[in-house]
Amino acid sequence: MRYSRYFIPTVKETPSDAEVISHQLMLRGGMIRKLAAGVYDYLPLGLRSIRKVENIVREEMNRAGAIELLMPTVQPAELWQESGRWEQYGKELLRFKDRKDTEFCLGPTHEEVITDLVRREVKSYRQLPLNLYQIQGKFRDEIRPRFGLMRGREFIMKDAYSFDVDEKAADISYDKMYQAYRRIFERCGLKFRAVEADTGSIGGSWSHEFMVLAESGEDAIVSCTACDYAANVEKAEARQSMVAEHADPRELEKVATPGKKSIEEVAGFLAVHESSLVKTLVLLADNEPVVALLRGDHELNEIKLKNILGCDTLEMAGEEVVIKVTGAPTGFAGPVGLNAKIVADLAVQGMKNFVTGANAKDLHYKNVNLGRDFAVTTFADIRNVVLGDPCPRCQGGTLEMWRGIEVGHVFKLGTKYSKALKATYLDADGKEQIIFMGCYGIGIGRTVAACIEQNHDENGIIFPIPIAPFHCIISALNMKEDVVREASESIYAQLADAGVEVLLDDRDERPGFKFKDADLIGIPLRIVVGSKNLADGKVELKCRRSGEVELVTIGEAVEKVKSAVSAALKQGIQ
RNA sequence: CGGGAUGUAGCGCAGCCUGGUAGCGCACCUGCUUCGGGAGCAGGGGGCCGCUGGUUCGAAUCCAGUCAUCCCGACCA
């Protein structure tokens with residue numbers, strides 16, 4: 001490709017509405033342009049990287065036995081009504097009507113459509129297992145799209161759906177996808193972790209997220225220092241504390257705490273550690289008040305609590321509800337004398353003589369004790385794990401924390417959709433059975449963005465070869481000089497013939513300008529052709545990542561580029 | 001949806017408080033010079049100052065509404 005005839009509108013200045021580095025660099029590098037909030041044009045350079053990821057995904061999905069198809073973006077409401085998600089999904093589902101007033105939505109995911117297809121076409125156990133996937137545009141009307149391709153409303157996703165005769169077979173399908181995902185992200189050259197995750201609104205019984213490690217990641221994840229346990233903080237299990245305090249219960253005591261509402265204020269005022277307090281949170285679960293108890297220095301994990309309560313909605317109660325439930329303004333709630341469902345975190349179980357609110361303005365209790373002073377409905381793990389917590393799976397390991405960008409998610413769905421949509425098959429005995437499903441997503445655009453988050457410097461993007469838009473750029477310093485032009489064209493032809501994706505910067509621009517653009521768009525290898533070095537029969541070969549420069553002959557440059565590219569592309573394929 | 005902010009040339013911004021015929025840098029076009037890390041000089045083109053209404057002799061500027069975008073939060077995969 002000749003740069004002068006191609007379309008790479010780079011910009012020097014950082015657009016003001018881009019916050020994270022990948023968004024800034026993709027805009028500056030002419031990879032994407034915004035059309036509306038969370039909706040982007042993919043320009044040629046951006047599209048090339050997207051296609052690279054798609055192709056890796058495609059190859060690995062095919063290798064794992066999945067079969068590609070393509071489903072529509074527009075989906076009829078009736079399918080969603082049948083699964084129950086028309087009501088459940090909320091505003092994120094973009095709905096509209098056609099001219100006949102029939103309701104439709106733009107597909108945010110395709111469980112309904114694929115299950116509908118399979119229930120109509122699959123009748124026998126002989127047709128299973130089956131795994132179908134597509135790479136396609138999705139639309140989710142996110143409340144707050146941000147960070148460019150990282151959280152757009154329209155985005156490209158690979159979604160696969162597996163269908164099996166029973167749970168055991170479904171587990172095999174799940175494991176195949178899990179392994180395929182590992183290969184995919186390895187081939188993309190990403191540093192990532194597979195973590196246990198909550199299933200959220202997709203539902204199902206088990207899931208793993210694939211997280212690209214990056215400071216700017218929206219998710220907090222933990223991993224064990226000793227074993228291979230890793231989980232999203234939303235899901236990470238806290239192990240019940242071994243240490244129970246053995247202090248004798250002291251007498252309950254009411255103390256004045258004027259204006260001291262937060263845990264920090266109360267602990268400071270009473271000169272005790274925050275861990276000696278129990279925080280009392282009032283929430284509404286499906287609009288019924290529920291009280292959650294946590295050690296003062298711990299945080300509530302709403303997802304865990306929601307799962308334990310089995311409710312559809314869970315939110316922090318407003319001031320009015322707090323007053324109604326506790327009889328006091330916020331900041332003075334406590335479990336003593338409360339008439340409500342109380343869920344206490346496991347860490348509260350071993351505590352003795354702790355401080356809580358007294359359900360009266362400006363008053364707290366000291367020396368509160370479980371059982372004697374109040375009763376708990378349920379003990380459960382409802383807190384967020386913290387750095388240094390013991391690993392829930394092994395002895396001796398502790399938890400470390402990271403930030404990650406979710407680029408893939410695999411779900412074991414079970415029969416949630418197949419039951420709702422009556423997707424069944426006849427087994428060998430002629431008996432009707434429900435199909436077991438799994439679903440598996442990869443955010444294609446997000447993977448490219450995550451890659452940039454992980455691979456950049458002050459000059460721009462540093463693409464790994466497997467997903468770089470071009471492998472090599474030839475910076476021809478002055479195409480008007482015959483020697484430069486001829487050498488550049490020769491290298492260009494040799495590399496292109498060898499299957500290297502090469503961009504020839506033949507523009508009538510100054511050298512500095514070309515170097516800046518080459519760095520910005522992150523082409524991994526650069527050959528600089530200038531008349532000075534050509535006089536010695538040499539060109540300059542530079543590695544974008546290491547900055548390493550070598551002066552070599554044209555023949556050597558071509559060979560080195562060829563072998564570097566083929567080595568990088570082979571990695572992870574064996 | 002709650003809080004905060006911003007809409008002025010393709011991009012980045014100033015002007016607004018204190019109303020008086022719209023400016024800077026980059027980019028773009030022409031010419032000359034330059035040519036190994038985003039060149040210099042000279043000349044030039046480009047604006048419904050987000051939109052609608054109001055106040056005023058006069059509005060980019062003041063007021064009201066509206067739309068859009070961004071940030072924080074809640075929400076969500």
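Because the structure is predicted, anything quoted here is derived from the model rather than measured. Lettering of chains follows the sequences in order, A, B, ..., and the numbering in each one begins at 1.
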Considering every strand and a 4.0 Å limit on heavy-atom distances, what is the contact class for [X]: base, sugar-phosphate, or nothing?
X      : value
A:D141 : nothing
A:N459 : nothing
A:E218 : nothing

inquiry  = Is it the case that B:rC11 (base atoms only) and A:R28 (side chain only) share a donor and an acceptor within less than 3.5 Å, ignoring hydrogens and angles?
reply    = no
message = Between A:D457 and A:R544, does any NZ, NE, NH1 or NH2 come within less than 4.0 Å of an OD or OE carboxylate oxygen?
response = yes
ask   = Does a side-chain N-to-carboxylate-O contact under 4.0 Å join A:D482 and A:R485?
value =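 Answer for the salt bridge query: yes.
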ask   = With no hydrogens and no angle check, is any side-chain donor or acceptor of A:Y161 less than 3.5 Å from a backbone partner on A:H110?
value = yes
Got a list of protein N/O to nucleotides 26-36 of chain B N/O distances below 3.5 Å?
from, atom 1, to, atom 2, distance (Å)
B:rU34, O2, A:R510, NH1, 2.6
B:rG36, O6, A:N533, ND2, 3.1
B:rG36, N1, A:E540, OE1, 3.3
B:rG36, N2, A:E540, OE1, 2.2
B:rG36, N2, A:E540, OE2, 3.1

Look for any protein N or O under 3.5 Å of an N or O in nucleotides 68-71 of chain B and output each such pair with its distance, or none.
from, atom 1, to, atom 2, distance (Å)
B:rU69, OP1, A:A37, N, 3.2
B:rU69, O3', A:K34, NZ, 3.0

task = Not counting sequence neighbours, which residues clear side-chain hydrogen bond (donor to acceptor under 3.5 Å, both in side chains) with A:R146? List them please.
result = none
ask   = Along nucleotides 41-47 of chain B, 5' to 3', which nucleotides get a B, which get an S, and which get a -, given that the test is a protein heavy-atom distance under 4.0 Å?
value = -------
request  = Taking the six-membered ring for Trp and the full ring for Phe, Tyr or His, determine whether the centres of A:Y178 and A:F210 are under 6.0 Å apart.
outcome  = yes
query = Would you call the rings of A:Y181 and A:F185 parallel, tilted or perpendicular if under 30° counts as parallel and over 60° as perpendicular?
reply =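 Judged by the thresholds at 30° and 60°, the geometry between A:Y181 and A:F185 is perpendicular.
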Minimal non-hydrogen separation, A:R403 against A:E218, with atom names = NH2-O, 3.2 Å
Protein-nucleic acid N or O pairs under 3.5 Å, nucleotides 2-4 of chain B:
none

task = Using the side-chain hydrogen bond (donor to acceptor under 3.5 Å, both in side chains) rule, collect all pairs that involve residues 436-453 of chain A, keeping only residues at least two apart or in two chains.
result =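 Those involving residues 436-453 of chain A are A:S22-A:E453, A:S162-A:Y440, A:S216-A:E453.
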